[in-house]
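Here's the structure we're looking at; comments come further down.
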Amino acid sequence: GCYVTVKRIISQNLKSLLDSKDFPHEEIELLAKTSWNGDPKKHCLSLTSGQKNGKNYSIPIPPPNITGNLHLGHGIFIALQDSLIRWHLMRGFETEWQPGFDHAGLATHEKILALASSKGIPNPTADEYKTISKEWENTSIDGIMERFSILGGAFDNSKPRYTLDEGFTDATKRAFELLDSKGRISRGDDGHLLLDLTREYSEILTLIENGTILIIPEEHAGRLTSMLKEARLWNITRDIPWGHKHPNRKDGFEPKTLDTWFTSSLWPLSTRGWPNNPTPFANGEYDLLETGYDIIFFWCARMLAMSLA
């Protein structure tokens, strides 16, 4: 299958590598990375008949936060999803497996401040903050992309997406304007904006109850159901400089940035070209969403809600 080249190259060097007492993972990873030649998806396709069956198969990659490097959990989910993507590729499906990054507002803000402090700048000015945040951003994204490459997944690598890129900026602004025009955004008593998605949460509950949305393991369906029933207005603003500036409102109220989850909830829309250049997958649904139970409401349910809003 798709791993034949890696297997052949590694086997040629395996005896000498395994003579070592410890498993030489760094050398093995380098051999695997080199064998893919930067395009594992293309290599995978080269081992098939090349015939398409006219069907699509899509899995979203939960975008890693740019707060640090990838960890074991990322390796596990990439291995699982990669197997499914390759299997469908070899069966003639057109696949979508989009890599990317999340700017992770509050968490990254703390990392930026820590980096500034390490440089002897405990209270950075706006310009200093901008410079240091760019340094952190570039270093973290480069590190994540390097590890994606080492893992050798059959990613759609043409253009990784980032929740602060131009496309997400357009999508965030447009989504805010649409929701605001529908009267779904209100001003809170403390100088914050509140988004009402309770109608959409009710629709999601119905989809879970009638089996349209299947959650495995089933115990997490109960967890999500409870959170959806208890959900109230969503505070979509944060008093930090890191993130998307929200569009000006008529009342002149302007918190600093929008909540990261607001933008990441637009992942299935923006990565498919909305609102400007929709892709062939733009009108489709994800076939599978494999992610951590801890963000089943904060990311998964909100993606569904924003698609329904």
Side-chain angles (χ1 to χ4, degrees), residues 60 62-63 65 102-107 161 163-164 167-215 220-240 243-251 253-272 274-275 278 282-286 289 291-309:
N65 294 336
D102 194 304
H103 67 279
L106 286 168
R161 295 302 304 277
T163 53
L164 282 182
F168 267 101
T169 299
D170 291 343
T172 299
K173 181 179 180 181
R174 181 62 177 149
F176 185 95
E177 291 171 345
L178 285 172
L179 291 165
D180 197 22
S181 69
K182 294 179 180 181
R184 309 298 291 279
I185 296 176
S186 59
R187 179 175 177 175
D189 295 333
D190 55 2
H192 286 166
L193 300 178
L194 305 176
L195 174 58
D196 185 358
L197 291 177
T198 52
R199 184 188 310 165
E200 287 71 27
Y201 293 155
S202 179
E203 292 183 52
I204 295 171
L205 281 169
T206 300
L207 293 173
I208 294 173
E209 291 167 356
N210 66 23
T212 301
I213 296 175
L214 180 63
I215 299 175
H220 293 310
R223 172 189 174 91
L224 177 56
T225 297
S226 296
M227 297 182 77
L228 289 168
K229 289 179 178 178
E230 297 170 2
R232 298 295 182 264
L233 299 181
W234 173 12
N235 175 10
I236 59 171
T237 54
R238 294 291 180 266
D239 291 325
I240 58 173
H244 286 286
K245 306 296 186 294
H246 89 81
N248 291 330
R249 288 173 56 86
K250 293 179 181 179
D251 57 14
F253 178 65
E254 189 179 0
K256 292 180 179 177
T257 53
L258 288 169
D259 181 14
T260 301
W261 293 113
F262 182 86
T263 299
S264 61
S265 70
L266 302 173
W267 190 261
L269 300 174
S270 182
T271 58
R272 291 164 166 179
W274 185 86
N283 296 322
E285 301 172 347
Y286 287 130
L289 172 57
T291 189
Y293 70 88
D294 53 328
I295 58 173
I296 195 170
F297 173 77
F298 298 104
W299 188 49
C300 306
R302 284 172 173 168
M303 281 196 294
L304 282 167
M306 292 294 269
S307 297
L308 293 169

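Note that the numbering runs from 1 along the sequence shown for the chain.
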Between Trp261 and the options Ile236, Ile295, Asp102, the side chain to side chain contact (heavy atoms under 4.5 Å, CB included) test singles out Ile295

CH2 (Trp234) and OG (Ser265) are apart, to the nearest 0.5 Å, by 4.5 Å

Can Asn235 and Thr237 be counted as having a side-chain donor-acceptor contact under 3.5 angstrom?
-> yes

Might you work through the side-chain contact (heavy atoms from CB on, under 4.5 Å) test for Ile296 and Thr291, ending with a clear yes or no?
-> CA-CA 8 Å; Ile296 195 170; Thr291 189; 5.9 Å; no

Is there a side-chain contact between Phe262 and Met306 (heavy atoms, below 4.5 Å)?
-> yes

Ala301 to Leu224 - nearest heavy-atom pair and separation | CB-CD1, 3.9 Å

Answer yes or no: is there a donor N or O on one side and an acceptor on the other, between the side chain of Ser181 and the main chain of Leu178, under 3.5 Å?
-> yes

How many angstroms lie between atom CG of Leu164 and atom OG1 of Thr172, to the nearest 0.5 angstrom?
-> 8.5 Å

Checking Thr206 side chain against Ser202 main chain: does a donor-acceptor pair fall under 3.5 Å?
-> yes

Starting at CD1 of Ile204, measure out to CD of Glu209 and round the result to the nearest 0.5 Å.
-> 12.0 Å

Out of curiosity, Leu258 CG to Thr263 OG1, how far, rounded to the nearest 0.5 Å?
-> 6.0 Å

Can you name the closest pair of heavy atoms from Trp274 and Ala171 and give their distance?
-> CZ3-O, 3.5 Å

Interatomic distance, CZ@Arg302 vs CG@Asp259, rounded to 0.5 Å, equals 6.5 Å

For Leu194 against Gly188, the heavy-atom pair lying closest together = CD1-CA, 4.0 Å

Report the relative orientation of the aromatic rings in His220 and Tyr293; use parallel for angles under 30°, tilted for 30 to 60°, perpendicular for over 60°.
-> parallel

Closest non-hydrogen atom pair between Pro62 and Trp299, with its separation = CA-CH2, 3.6 Å

Looking only at atom types and distance, does a side-chain atom of Arg232 sit under 3.5 Å from a main-chain N or O of Glu230, one as donor and one as acceptor?
-> yes

Verify side-chain contact (heavy atoms from CB on, under 4.5 Å) between Arg199 and Leu308, making sure each step is shown before the conclusion.
-> CA-CA 9 Å; Arg199 184 188 310 165; Leu308 293 169; over 6 Å; no

Closest heavy-atom contact between Ala309 and Glu200?
-> CA-OE2, 3.4 Å

In terms of side-chain heavy atoms, does Ser264 have a donor or acceptor partner in Thr163 at a distance below 3.5 Å?
-> no

When every non-hydrogen atom of Thr198 is compared with those of Ala231, the smallest separation belongs to CG2-O, 4.0 Å

Can Phe298 and Met227 be said to form a side-chain contact (heavy atoms from CB on, under 4.5 Å), step by step?
-> CA-CA 10 Å; Phe298 298 104; Met227 297 182 77; 4.2 Å; yes

Is atom CZ of Arg161 surrounded by more than 12 heavy atoms (other residues, nucleotides or ligands) closer than 6.0 Å?
-> yes

Option passing side chain to side chain contact (heavy atoms under 4.5 Å, CB included) with Leu304 (candidates Leu197, Leu289, Ile213, Leu228) = Ile213

Of His103, Arg238, Lys256, the residue whose pairing with His244 passes side chain to side chain contact (heavy atoms under 4.5 Å, CB included) | His103

Would you give the length of the straight line joining atom CZ of Phe168 to atom CG of Leu266, rounded to the nearest 0.5 angstrom?
-> 7.0 Å

